[in-house]
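What follows is a set of notes on a single structure, which appears directly below.
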Amino acid sequence: MHSNNLKILIRKLSKNFRIGLHSSFNSVDNPHFLSLEHEKINHILESKIQDNRQHYIKLKLPSVYRNLIKNNISKDFSMG
């Protein structure tokens, strides 16, 4: 994420709202993407994000959940 304004907005929103990761469509087939996305949001917020929702509700069980666990993401809201 390169936009400083967007980073500032995310930080501002995190003061009043719970922030989670909306992992990308490609993160299901390439677990490395989830790691990178999780690192980016953690860096922006200077905290550990533990909430997730898969993009377009694309799930491959159990691999998606195993990958979330490897990335210390303990809550997933993909199923509603």
Side-chain angles (χ1 to χ4, degrees):
M1 184 173 304
H2 301 289
S3 170
N4 283 331
N5 288 335
L6 187 54
K7 290 176 187 178
I8 291 167
L9 177 61
I10 292 170
R11 286 183 192 122
K12 183 177 180 181
L13 289 171
S14 73
K15 293 183 191 304
N16 296 309
F17 302 100
R18 189 174 183 157
I19 302 294
L21 180 64
H22 189 214
S23 46
S24 71
F25 189 82
N26 294 323
S27 70
V28 172
D29 296 319
N30 187 338
H32 183 66
F33 285 150
L34 179 67
S35 296
L36 292 175
E37 294 163 9
H38 191 229
E39 267 181 44
K40 285 180 185 179
I41 194 70
N42 285 340
H43 179 72
I44 290 168
L45 294 175
E46 299 174 350
S47 65
K48 302 284 182 182
I49 298 299
Q50 296 181 342
D51 299 352
N52 180 69
R53 180 180 180 275
Q54 286 303 120
H55 188 70
Y56 290 120
I57 313 296
K58 183 177 180 185
L59 288 173
K60 284 187 181 177
L61 300 176
S63 60
V64 166
Y65 289 130
R66 288 181 180 149
N67 194 29
L68 292 173
I69 290 167
K70 284 180 189 174
N71 284 280
N72 296 314
I73 297 173
S74 58
K75 297 177 183 167
D76 180 68
F77 298 91
S78 299
M79 290 193 204

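For the atom pair Ile41 CD1 and Lys48 NZ, the distance stands at 13.0 Å (nearest 0.5 Å). Leu61 CG to Arg66 CZ: the interatomic distance, rounded to the nearest 0.5 Å, is 10.0 Å. Of the inter-residue distances, the one linking Leu45 atom CG with Arg11 atom CZ reads 7.5 Å to the nearest 0.5 angstrom. Separating the CD1 atom in Ile44 from the CG atom in Leu6 is a distance of 7.0 Å, to the nearest 0.5 Å. Taking NE2 of His32 as the reference point, atom CD of Glu37 lies at 10.0 Å (rounded to 0.5 Å). Distance check, rounded to the nearest 0.5 Å: CD1 of Ile49 to CG of Leu21 gives 8.0 Å.
Within the 4.5 Å cutoff, the side chain of Lys58 has no heavy atoms near those of the Val64 side chain. The shortest distance between side-chain heavy atoms of Leu59 and Met79 falls below 4.5 Å. Here the side chains of Gln54 and Leu68 are in contact, with some heavy-atom distance below 4.5 Å. The closest side-chain heavy-atom distance from Asp51 to Arg18 is below 4.5 Å.
Ring planes of His55 and Phe25: perpendicular class, angle over 60° (limits at 30 and 60°).
Judged purely by distance below 3.5 Å, without hydrogens or angles, the side chains of Ser24 and Asn26 never pair a donor atom with an acceptor atom.
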(message) Run the side chain to side chain contact (heavy atoms under 4.5 Å, CB included) test on Ile73 and His38 for me, step by step, so that the C-alpha distance in whole Å, both residues' side-chain angles and the decisive distance to 0.1 Å come before the verdict.
(response) CA-CA 9 Å; Ile73 297 173; His38 191 229; 3.7 Å; yes
(message) Applying side chain to side chain contact (heavy atoms under 4.5 Å, CB included) to Lys60 and Asp29, what does each step give before you reach the verdict?
(response) CA-CA 9 Å; Lys60 284 187 181 177; Asp29 296 319; 2.5 Å; yes
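Partner Asn52 forms a side chain to side chain donor-acceptor pair (under 3.5 Å) with one of Ser74, Ser23, Ser78, Ser27 and no other, that one being Ser23.
Residues Phe77 and Phe17 do not share a hydrophobic cluster, clusters being chains of Ile/Leu/Val/Met/Phe/Trp/Tyr side chains in contact below 4.5 Å.
Contact between Ser35 and Asn71 at its shortest, heavy atoms only, is OG-OD1, 3.0 Å.
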